[in-house]
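See structure below.
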Amino acid sequence: MFNLVLICNEEKIFDGNVSAVKIETKNGPVTILPKHQAYMSKISKNLIYTPSGEDHKSIDISDGFVYTNGSVCFAVVDK
């Protein structure tokens with residue numbers, strides 16, 4: 001597990017533990033897992049995350065970016 005902080009329109013809409021974050025980038029799909037190497041990218045289309053003990057959740061977005069250092073993932077998106 002690792003922490004995901006999801007911000008949309010300057011409001012934090014999720015802050016909690018997740019097992020995976022799947023994003024669609026301009027270069028194709030990327031899955032971020034615990035202890036992922038440092039990574040930053042522009043994202044588009046959608047973001048799917050799996051909160052601890054829950055089914056996956058999906059957010060359709062028009063633009064955004066994601067950054068992870070392996071223990072925390074920050075995603076700032078625009079719907």
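From a predicted model like this one, the values you see are computed outputs, not experimental measurements.
Checking side-chain atoms of Ser58 against main-chain N and O of Ile48 turns up no donor-acceptor pair under 3.5 Å. Between the Thr68 side chain and the Val72 main chain, a donor and an acceptor come within less than 3.5 Å of each other. Here the side chain of Asn69 pairs a donor or acceptor atom with the backbone of Ser71 at under 3.5 angstrom.
Closest approach of Ser19 and Pro34 over heavy atoms only: O-CD, 3.5 Å. For the pair Lys42 and Asp63, the tightest heavy-atom approach, listed with the atom from each and the gap, is CE-OD1, 3.3 Å. The heavy-atom pair separating Cys73 from Phe2 by the smallest distance is CB-CE1, 3.7 Å. What you find for Pro51 and Asp55 is that their closest heavy atoms are CD-O, 3.6 Å. The two residues Ile61 and Ser44 come nearest to each other via the heavy atoms CG1-C, 4.2 Å. Closest non-hydrogen pair, Glu54 versus Thr50, comes out as O-CG2, 3.7 Å.
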CA sep, side-chain torsions, deciding dist, call: Ile59, Ile13, side chain to side chain contact (heavy atoms under 4.5 Å, CB included): CA-CA 11 Å; Ile59 296 176; Ile13 59 173; 3.8 Å; yes
Check against side chain to side chain contact (heavy atoms under 4.5 Å, CB included), Phe14 and Leu4: CA-CA 7 Å; Phe14 181 82; Leu4 170 65; 3.9 Å; yes
Step-by-step side chain to side chain contact (heavy atoms under 4.5 Å, CB included) determination, Asp15 to Asn3: CA-CA 7 Å; Asp15 185 354; Asn3 193 57; 3.2 Å; yes
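The CD atom of Glu24 lies 11.5 Å from the CG atom of Asp60; values are rounded to the nearest 0.5 Å. Atoms CG and NZ, from Leu6 and Lys57 in turn, are 10.5 Å apart once rounded to the nearest 0.5 Å. One distance of note links NZ of Lys35 with CE of Met1; it measures 14.0 Å at 0.5 Å rounding. The CD1 atom of Ile43 sits 10.0 Å away from atom OG of Ser62, with the distance rounded to the nearest 0.5 Å.
Under the 4.5 Å side-chain heavy-atom criterion for grouping Ile, Leu, Val, Met, Phe, Trp and Tyr, Met40 is connected to Val76 within one hydrophobic cluster. Val66 and Phe74 fall into different hydrophobic clusters, where Ile, Leu, Val, Met, Phe, Trp and Tyr side chains are chained together by heavy-atom contacts under 4.5 Å. Hydrophobic clustering places Val30 together with Val77 (ILVMFWY residues linked when any side-chain heavy atoms are closer than 4.5 Å, directly or through intermediates).
In this structure, Tyr39 has its ring center at least 6.0 angstrom away from the ring center of Tyr67.
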